[in-house]
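On a predicted model such as this, the values are computed, not experimentally measured, just so you know.
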Amino acid sequence: MLASIIKINGYNPFKALMLREYWENRRAIFTTPLVITGISMVLIIISMGLLGRSINIDGHSYTLNEMIANMSAQKAQDISAHINHILMVSTLPIMIGAWFCMVFTALGALYDERKDNSILFWKSMPVSDLQTVLAKLLNVMLVIPFVAIGFTVIFQVFLLIVGSFTTLGTEYSAWDLLWSSTNFPLMVFSEMTYMIIYGLWALPIFAWFMLVSVIAKRTPLLLATIPVALVILFETLFFQSEYLARFIGMRLTGAHIFGTDDGFGLNFTSLGAHTPLDIIQSAAQPEFWFGLAIAAAILYATILLRKRNSL
Amino acid sequence: MTNIITAKNLNKSFGSFQALKNINLTIQKGQIVGIIGANGAGKTTLLNSILGLSAYDGDLNVLGLDPYSQRDELMKQICFISDVATLPKWIKVSEAIDFVEGVHKSFNREKALAFLAGTTVPLDKKIRQLSKGMIVQVHLALIMSIDAKILVLDEPTLGLDIIYRKKFYHQLLEDFFDEDRTILITTHQVDEIENILSQVIFIREGEIALEANMEAITEDWMMLNPTAQNIAAARALSPASEQTMLGRTSFIFNGKSRAELEKLGDVSRVNLSDLFVILMEGK
């Protein structure tokens with residue numbers, strides 16, 4: 001099945017453009033989450049299995065056996081919430097890795113092709129600049145996070161298997177305690193909803209990265225950050241306000257989604273406690289649509305500039 | 001004959017530098033057109049305008065389309081190789097074939113594979129692992145398997161050795177060209193393409209110095225190698241240029257009758273590189 005997805009059979013520009021992104025960004029899309037997942041698995045096996053380290057959750061320190069004993073004393077609903085929380089937190093290394101891949105892929109999206117002159121090859125194909133920019137945006141905002149989510153599922157299953165092993169020889173049932181408490185489809189659906197809504201909140205920032213990638217003569221990262229840092233500094237010094245910093249910070253951290261208006265920083269404790277509906281509801285805020293309008297304007301400029309800048 | 005490219009008062013400036021000055025041009029179907037000029041004369045600028053890669057002032061019509069605003073539509077019918085370095089380094093040969101098949105309706109995969117089978121290019125290697133000659137072959141295989149109406153080649157053989165260059169033009173004529181297609185070529189190796197061209201356009205400082213088909217050039221321009229006693233007589237006929245090499249003097253004439261010149265010595269056709277030098281020196 002996978003082979004038929006990544007194989008071209010005849011005319012299919014959308015597929016060809018998305019495959020091009022995959023070929024070009026295989027490391028960001030696939031290798032990075034694969035490596036992070038692998039390293040996480042090895043670390044867990046070493047630290048818990050071989051070294052017998054206890055783990056810290058919400059300020060308490062547990063060995064796995066203690067945790068299981070502790071959990072099985074709770075009500076079924078609490079167990080489920082607990083496990084969901086653990087499993088959601090466990091995805092952070094992969095998702096943070098994916099986030100960096102999103103940023104750097106966006107910054108290189110329209111820069112690398114100019115740097116190696118291949119833009120002339122891409123432009124010799126009957127593909128519009130609109131299609132190209134949209135394919136690149138889709139790759140950054142959906143493909144990279146969704147592949148990463150796939151790896152988080154693998155990692156979560158791995159955690160449950162590890163957990164199941166620790167129940168062996170105890171009176172606790174791995175099925176009751178772990179597997180039946182875990183609603184994988186819902187969890188994956190929540191993660192996907194979260195990434196889509198997150199992507200839409202953060203779209204103006206990522207659109208900015210794309211715009212920078214189309215105009216940067218060299219090092220898009222510097223062009224994307226330094227002028228913004230200067231404007232923030234200017235704003236703080238002369239206007240005693242921090243609108244831009246808040247605009248960027250809250251959108252990049254997804255603070256709007258959970259209504260945590262305290263600004264910067266993910267709220268780890270609330271991870272897993274939100275239903276897809278809670279997440280989608282954040283789109284009712286006017287700032288959500290304001291951001292999308294800004295993103296649309298920036299992307300429009302990006303498309304025009306790609307049309308103009310052939311070299 | 002149908003005009004496939006028409007330019008009227010085409011202008012293009014980069015800041016205060018005017019790269020194209022009032023270019024008027026028509027190119028008809030079924031021609032192999034050489035665009036010849038010194039470095040910086042505006043050849044690539046002209047081609048980029050025709051390809052929709054840069055904006056311009058004036059009227060330009062390629063296959064009934066406005067190149068700049070309808071580039072993606074135009075590229076269904078035009079192929080171009082701008083330079084050997086333009087295939088992305090990270091792409092595998094097989095992926096490049098996949099991509100072109102995906103975006104081009106008229107791409108013939110079998111043709112591309114058959115073409116590559118006749119070379120030593122490995123399909124599973126990335127472009128960065130191939131030699132320069134192989135990269136050109138890959139690009140050519142892709143381009144020639146597209147059923148395009150116009151092929152634009154901007155210095156296609158730059159940096160290739162003579163064997164590859166010969167092979168390149170041979171394959172171009174054998175496998176691609178027919179009377180429904182048009183080829184535009186720029187190159188510095190004028191001599192190599194001279195005998196395949198049917199039309200030439202000389203560009204000098206953003207202007208067209210001469211546009212003519214090859215027959216007209218052979219009729220209008222002649223080289224005379226006069227016998228020693230006729231040198232003065234030849235010079236009196238106001239030649240476009242005079243050259244002395246190894247004790248032999250030769251003249252190039254524009255618009256003289258062949259019979260008149262043959263009285264003074266051997267008359268032969270002028271090759272394009274000599275004509276190029278005359279035109280560029282601004283006579």
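- Between A:Asp129 and B:Arg71, some side-chain heavy-atom pair lies under the 4.5 Å cut-off.
- Taking CG from A:Leu120 and CD1 from B:Ile81, the interatomic distance works out to 12.0 Å, rounded to the nearest 0.5 Å.
- For the atom pair OG (A:Ser124) and CD1 (B:Ile143), the distance works out to 5.5 Å, reported to the nearest 0.5 Å.
- The nearest pair of heavy atoms linking B:Pro88 to A:Trp122 is CG-CZ2, 3.3 Å.
- Scanning both residues, A:Asp116 and B:Lys89, for their nearest heavy atoms gives OD2-N, 4.2 Å.
- For B:Tyr68, the parts lying near chain A are the backbone and the side chain together; criterion is any non-hydrogen pair under 4.5 Å.
- Enclosure of atom CZ in A:Phe184 by more than 12 non-hydrogen atoms of other residues, nucleotides or ligands within 6.0 angstrom is indicated.
- With rounding to the nearest 0.5 Å, the separation of CD1 in B:Ile127 from CZ in A:Phe121 is 8.5 Å.
- Nearest heavy atom pair, residue A:Met125 against residue B:His104, reads SD-CD2, 3.7 Å.
- Heavy atoms of B:Leu74 lying under 4.5 Å from chain A are absent altogether.
- Looking at A:Asp112, neither its backbone nor its side chain comes within 4.5 Å of chain B, counting heavy atoms on both sides.
- Counting only heavy atoms from C-beta outward, the side chains of A:Tyr11 and B:Glu101 never approach each other to under 4.5 Å.
- When the shell of 6.0 Å around NZ of B:Lys149 is examined, it contains 12 or fewer heavy atoms from other residues, nucleotides or ligands.
- Both the backbone and the side chain of A:Leu17 come within less than 4.5 Å of a heavy atom in chain B.
- Summarising the geometry, atom CZ belonging to A:Arg308 is positioned 11.0 Å from atom OG belonging to B:Ser54; distances are rounded to the nearest 0.5 Å.
- Distance check: A:Arg20 CZ to B:Asp98 CG gives 14.5 Å after rounding to the nearest 0.5 Å.
- With respect to chain A, the highest number of heavy-atom pairs below 4.5 Å among B:Lys105, B:Glu73, B:Glu95 belongs to B:Glu95.
- In this structure, chain A has a heavy atom under 4.5 Å from the side chain of B:Ile91, while its backbone stays farther away.
- Residue B:Val103 comes nearest to A:Pro13 through the heavy atom pair CG1-CA, 4.1 Å, listed as atom of the first residue, atom of the second, then distance.
- Between B:Lys92 and A:Glu24 no salt bridge is recorded (no basic side-chain N to carboxylate O distance below 4.0 Å).
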